[in-house]
Amino acid sequence: MSDSEDDKPLYKRVAPKAPTPIQTPVKIETHDQAFPQKPTNSSADGSKVANVKRSNDRPVKRNVKQEADQDNTPLAKKRKQSNGTTVKKESKPVKKETLADTTSAAASLKRSVSSTTSQKATTAKKAKTAEPAVKETKKSKKAKEEEEEEVYRWWEEDSQKAEDGDDSIKWTTLEHNGVLFPPEYVPHGVKMKYDGKPITLTPEAEEVASFFAALLETDHAKNPTFQKNFFRDWQEVLKQDPRNPEIKEFDKCDFRPIWEKFELDKEKKKQATKEEKQKAKEERMKTEEPFLYAYVDGRKEKVGNFRIEPPSLFRGRGDHPKTGTLKKRVTPEQVTINIGHTAKVPEPPAGHKWALVAHDQTATWLATWKENVNGSFKYVFLAASSAWKGQSDMQKFEKARELKKYVKKIRENYTAELRDKLSETRQRATAMYLIDRFALRAGNEKGDDEADTVGCCSLRYEHVDLIPPNTLKFDFLGKDSIRYENSVDVDIQVFKNIKIFKKQVGPGHMIFDRLTTVGLNKYLNSCMKGLSAKVFRTYNASHTFQQQLDKLTVPTDPISDKMLSYNRANREVAVLCNHQRTVSKSHAQQIEKIKDKIRALKYQNMKLKRQILTLEPALKKKKPELSAEDPDLTEEWMIEYEANLVEKEREKIKQKFEKQNEKLKADGEKPLPESELKERLKAANEMEARLKKERKTGKVACKPTMNVEKLKAAIEKTDAKIKMTIVQETDKEENKEIALSTSKMNYIDPRISVAWCKKYNVPLEKVFSKTLIEKFRWAQNIDDSWIYNE
DNA sequence: TGGTAGACTTAGAACGACTCAG
DNA sequence: CTGAGTCGTTCTAAGTCTACCA
């Protein structure tokens with residue numbers, strides 16, 4: 001490793017390319033073929049080997065817990081009990097409240113006065129401009145404009161504490177109006193068919209059937225696992241009421257009538273008048289309004305997802321064993337609210353109560369519940385633009401920048417440890433190499449009830465092929481079952497190590513059998529405080545971006561070209577992180593369209609050239625390129641194209657004729673006779689004949705005003721257009737499966753973008769959407785000399 | 001120690017609004 | 001003015017990672 005290079009992210013030392021007009025994705029090697037989209041079931045042999053998983057009997061345990069109610073709703077971090085800042089498990093909301101109230105010692109440490117006085121006093125004092133809490137739903141209209149301005153500029157305060165420790169106090173007072181439940185189910189009464197006959201279902205059964213019907217035209221409905229899980233759960237619901245017919249076979253079900261009803265509804269919604277739409281929107285806004293904002297220490301903050309997720313069929317990604325399972329309606333009894341102990345507790349819907357009202361000051365969630373499909377927790381958090389999210393976002397990037405100081409040493413360490421005799425250490429070093437160079441995720445182990453996807457630590461034998469002398473070929477499904485396919489040259493010792501590990505564990509087993517993400521992260525944490533595997537992804541992504549941006553930006557370029565460079569740098573990062581999207585359904589069609597456009601332009605060009613030759617036949621010898629044939633312009637295509645041209649011409653004439661007639665009619669005059677139309681259509685016929693002749697003879701006459709010079713200029717113009725369109729096509733093709741947004745949103749330090757915009761006078765809005773601007777508010781007051789790494 | 005709960009970030013799909021060529 | 005295509009937002013699934021517990 002050369003000295004000058006060793007602090008660059010190692011992931012791809014590609015020979016520096018001249019900035020070509022169209023950047024090809026710089027994967028180290030293959031990657032040329034479109035990823036066989038959506039990994040669906042491409043897995044090599046699909047067989048999971050039993051002993052891969054280290055756990056076995058989890059599900060049962062989980063269910064038991066789930067069943068019990070109130071008592072085991074998420075108990076805000078028990079670990080903190082010692083100093084009494086959090087809730088404990090015991091029971092009943094009411095009790096809890098008083099309990100927390102009296103025991104919140106930590107709360108009274110900071111800003112104790114306000115937190116112990118009444119809620120009203122708190123709000124009034126802390127936020128002179130803010131409305132007295134969320135409840136004032138009525139008068140907030142006019143306040144709207146002011147609201148926008150009330151951004152808490154926390155990044156300008158010097159009290160930027162190191163704020164590590166996850167159990168730190170996050171707030172003193174917290175007010176909000178809870179969550180918005182989805183509306184009750186309203187039966188539509190449309191009868192689906194079973195065995196060809198219409199059937200009547202109870203509302204409960206109809207609801208579930210409708211979930212499926214709505215997806216009828218999607219891939220989900222065709223997925224056997226999805227069908228199976230849905231059908232099982234639906235039958236459960238059907239059985240609960242004897243009024244439901246007996247439904248035994250999925251294949252006899254016809255959900256089409258319901259699907260059609262939904263289509264009709266959509267159509268109607270589209271057709272609605274402006275006023276109706278406006279009214280619906282206003283209504284929606286009105287119900288949402290109370291939930292839009294929370295008050296943290298008196299400061300107004302936007303809430304992210306205040307809606308309780310509506311019931312539906314679980315749409316697991318990839319080969320998820322539970323996909324299609326019924327996700328049940330969430331009741332208030334399952335929802336825990338987290339709120340200041342002096343704040344007014346939001347009313348649960350009439351006749352209901354909350355699972356628990358917590359006052360956990362170490363947490364940033366406003367509400368939480370446990371979902372029934374996977375038993376995982378769902379949370380209501382503040383929006384990305386909030387101080388809480390912003391601060392942790394900034395910390396994330398600061399952590400990544402800090403890594404810069406350590407990375408050289410860390411790389412030296414793991415490079416040396418590639419030869420360690422302790423296999424544990426050697427595995428760790430090898431994994432580090434992969435994480436650092438190829439931005440792999442850590443790769444926690446997963447259960448049997450989840451899709452089989454892997455990251456670095458959980459890579460199995462079949463996921464990496466060895467191609468001597470030192471090439472590794474990765475092929476596995478990563479997060480979201482996105483396929484990672486990449487062939488890379490690696491350090492010879494890494495190659496050897498993988499070979500040894502593979503041999504030791506055998507097919508079906510994890511390559512790093514002595515390594516866990518916990519162990520890896522513990523090691524990393526000892527290298528640098530707060531360091532974990534994911535920081536490398538952030539670091540390498542941001543570093544790559546900065547580097548690419550520097551390389552590609554041409555200061556004298558117009559803004560549009562600078563943006564092109566920006567997006568290319570962004571694309572580099574997206575490729576590094578393997579951020580993909582499904583190719584849009586119409587992609588092929590769109591490409592075809594562009595190709596047609598190119599051909600049409602080429603056709604035009606060919607005609608122009610022929611005009612020159614017709615004017616000056618002598619040029620034929622001198623300039624052979626004028627008579628060169630373009631392989632794109634086949635005889636077959638030209639015939640069709642010309643037929644089209646003629647047809648269009650006819651249409652045009654007809655339309656003009658009709659328009660004229662209409663006008664005459666309106667003026668009370670008599671219309672032109674049909675014979676007139678016929679006369680005019682002769683022009684099109686002549687055109688047809690002329691084109692045909694031109695094609696045969698190759699001679700094309702031009703307008704008398706034309707000369708060779710002018711024709712040449714015209715050719716140049718179309719040539720330029722052709723080039724542009726080709727660029728467009730390539731760009732589209734290359735971008736079809738790359739998603740830029742994820743890296744922009746999560747991995748690229750926004751300050752790099754801000755500095756770049758300032759330096760090159762590009763408006764920030766060109767680079768960030770409105771929401772990103774809000775999210776990255778904290779990054780916007782740096783000066784243009786800011787650099788990712790000093 | 002290893003498994004798990006819990007909280008928080010990261011991810012693509014789906015959806016809705018906007019835009020621009022025809 | 002319309003519809004296809006794009007862009008931005010919303011939704012929620014799927015990761016990471018730490019503290020805690022047996």
Side-chain angles (χ1 to χ4, degrees), chain A residues 38 54-58 61-62 65 72-81 164-167 170 214-215 218-220 266 269-270 277 281 304-305 307-310 312 314-318 320 322-323 327 336 338 360 362-365 368 370-371 373-379 381-384 388-389 392-393 396 441-447 450-451 453-455 457-458 478-482 516-522 524-525 530-535 537-538 577-582 584-587 589-590 593 732 737 739-743 745-747 768-772:
Chain A
K38 289 307 104 190
R54 291 169 181 161
S55 61
N56 28 33
D57 58 349
R58 255 179 300 178
K61 219 165 148 192
R62 221 180 240 175
K65 280 214 149 181
N72 64 4
T73 24
L75 334 137
K77 310 206 188 168
K78 302 164 213 150
R79 61 188 125 106
K80 264 268 109 165
Q81 279 177 26
D164 275 23
D166 184 40
D167 48 3
K170 310 283 193 336
L215 301 176
T218 69
D219 288 346
H220 296 297
K266 276 186 217 160
K269 209 172 157 191
K270 252 194 235 161
K277 282 183 188 167
K281 195 176 171 187
N305 55 327
R307 261 174 236 281
I308 294 285
E309 291 175 16
S312 65
F314 172 69
R315 282 134 106 138
R317 312 243 168 105
H320 195 119
K322 291 192 175 179
T323 192
K327 188 167 88 173
T336 295
N338 192 30
D360 186 351
T362 70
T364 65
W365 50 269
T368 181
K370 198 171 183 178
E371 150 268 3
V373 178
N374 296 296
S376 62
F377 288 84
K378 300 283 188 165
Y379 298 88
F381 290 118
L382 292 185
W388 281 341
K389 295 286 187 194
S392 79
D393 209 30
K396 173 183 77 186
R441 296 189 183 82
N444 285 304
E445 280 181 58
K446 298 185 71 186
E450 300 172 276
T453 64
V454 298
C457 294
S458 48
K479 181 178 179 179
D480 292 303
S481 293
I482 296 294
T516 65
T517 53
V518 174
L520 180 68
N521 281 336
K522 270 196 183 134
L524 288 175
N525 196 262
L531 186 63
S532 64
K534 80 195 264 282
V535 180
R537 244 167 108 83
T538 314
C577 295
N578 199 35
H579 289 143
Q580 295 186 218
R581 57 176 185 176
T582 30
S584 86
K585 262 189 185 158
S586 55
H587 176 80
Q589 212 182 69
Q590 288 171 35
K593 236 182 179 173
K732 192 163 205 146
E737 52 189 11
L740 302 188
S741 56
T742 305
S743 48
M745 176 126 137
N746 301 303
Y747 287 105
F768 291 148
S769 67
K770 187 177 125 263
T771 37
L772 279 188

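Letters A, B, ... are given to chains in the order of the sequence lines, protein chains preceding strands, and every chain is numbered from 1. Computed from a predicted model, the values in this text were never measured in an experiment.
Atom-to-atom, NZ of A/K378 to P of C/dG15 comes out at 13 Å; the value is rounded to the nearest Å. When the C1' atom of C/dC17 is taken as reference, atom NZ of A/K522 falls 12 Å away, rounded to whole Å. Note: CG (A/N374) to P (B/dG6) measures 15 Å, nearest angstrom. In this structure, A/N525 atom CG and C/dA19 atom P are separated by 9 Å, rounded to whole Å. Atoms CD (A/E309) and P (C/dA14) sit 12 Å apart, rounded to a whole Å. One interatomic measurement links the two molecules: NZ of A/K446 to C1' of B/dG3, which rounds to 17 Å at whole-angstrom precision. For the pair A/K396 NZ and B/dT9 P, the interatomic distance rounds to 8 Å; values are reported in whole Å. Residue A/H587 contributes atom NE2, which lies 10 Å from atom P of C/dT6 at whole-angstrom precision.
Look at A/Y747 and you'll find a side-chain N or O under 4.0 angstrom from OP1 or OP2 of B/dA11. Look at A/Q590 and you'll find a side-chain N or O under 4.0 angstrom from OP1 or OP2 of C/dT6. Between A/R317 and B/dT10 there is no side-chain polar atom (N or O) within less than 4.0 angstrom of OP1 or OP2. Taking side-chain N and O atoms only, A/K732 has no distance below 4.0 Å to OP1 or OP2 of C/dG5. Residue A/T453 places none of its side-chain N or O atoms closer than 4.0 Å to OP1 or OP2 of C/dA14. Taking only side-chain nitrogens and oxygens, A/T582 comes nearer than 4.0 Å to OP1 or OP2 of B/dA13. A close approach under 4.0 Å does occur between a side-chain nitrogen or oxygen of A/H579 and OP1 or OP2 of B/dA11. One finds a side-chain N or O of A/S532 lying less than 4.0 angstrom from the OP1 or OP2 phosphate oxygen of C/dC17. The side chain of A/K327 places an N or O atom within less than 4.0 Å of a non-bridging phosphate oxygen (OP1 or OP2) of C/dA13. When the side-chain nitrogen and oxygen atoms of A/N746 are compared with OP1 and OP2 of B/dT9, none of them lie within a distance under 4.0 Å. In this model, the phosphate group of C/dC17 is approached by a side-chain N or O of A/N521 to a distance below 4.0 Å at OP1 or OP2. Between A/S392 and the phosphate of B/dC8, there is no side-chain N or O to OP1/OP2 separation shorter than 4.0 Å.
Annotation for A/D360 and A/N338: closest pair N-OD1, 2.7 Å, computed over non-hydrogen atoms. Annotation for A/G318 and A/S481: closest pair CA-OG, 3.4 Å, computed over non-hydrogen atoms.
Heavy-atom contacts from other residues, nucleotides or ligands closer than 6.0 Å to NZ of A/K277 number more than 12. In A/D219, the CG atom is not crowded: 12 or fewer heavy atoms of neighbouring residues, nucleotides or ligands sit closer than 6.0 Å.
With sequence neighbours left out, the side-chain hydrogen bond (donor to acceptor under 3.5 Å, both in side chains) criterion links A/R315 to no other residue. A/D393 pairs by the side-chain hydrogen bond (donor to acceptor under 3.5 Å, both in side chains) definition with A/K396, not counting sequence neighbours. Not a single side-chain hydrogen bond (donor to acceptor under 3.5 Å, both in side chains) links A/T323 to another residue, sequence neighbours left out.
A/F381 comes within 4.0 angstrom of a nucleotide base, judged by non-hydrogen atoms across all strands. Residue contacts shown for A/T364 are limited to sugar-phosphate atoms, with no base heavy atom under 4.0 Å away. Backbone-only contact: A/K593 has heavy atoms under 4.0 Å from sugar-phosphate atoms and none from a base. Nucleic acid contact for A/K534: sugar-phosphate only, since backbone atoms but no base atoms lie under 4.0 Å from a heavy atom of the residue. Heavy atoms of A/G316 sit under 4.0 angstrom from primed sugar atoms or phosphate atoms, though from no base atom.
A donor-acceptor contact under 3.5 angstrom links the side chains of A/E371 and A/S376, judged on distance only. In this structure, a donor-acceptor pair under 3.5 Å is absent between the side chains of A/S458 and A/K446.
Residue A/M745 is the one, among A/R441 and A/M745, whose nearest nucleotide of DNA chain C lies closer to the 5' end (criterion: closest heavy atom). Map A/K389 and A/T742 each onto its nearest nucleotide of DNA chain B; the residue landing nearer the 5' end is A/K389.
Put simply, the side chain of A/K322 gets close to the backbone of A/V373: a donor and an acceptor are under 3.5 Å apart. Judged by distance alone, with hydrogens and angles left aside, the side-chain atoms of A/T368 form a donor-acceptor pair with the main-chain N or O of A/K378 at under 3.5 Å.
Comparing atom distances between the A/Y379 side chain and each of C/dA13, B/dC8, B/dA13 picks out B/dC8 as nearest.
A/F381 carries A/K389 over the face of its six-membered ring, with the cationic atom under 6.0 Å from the centre and within 45° of the normal.
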Using atom names, set out every protein N or O paired with an N or O of nucleotides 19-22 of chain B below 3.5 Å, distance rounded to 0.1 Å.
none

Sub-3.5 Å pairs of nitrogen or oxygen atoms, protein against nucleotides 14-18 of chain B:
none

Name the pairs: protein N/O against N/O of nucleotides 7-9 of chain C, kept only if under 3.5 Å.
from	atom 1	to	atom 2	distance (Å)
C/dT9	OP1	A/T771	OG1	3.3
C/dT9	OP2	A/S769	OG	3.0
C/dT9	OP2	A/T771	OG1	2.4

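Ring orientation note: the planes of A/F314 and A/H320 are nearly perpendicular, at an angle over 60° on the 30°/60° scale.
Looking at heavy atoms from C-beta onward, A/T742 lies out of side-chain contact with A/C577 at the 4.5 angstrom threshold.
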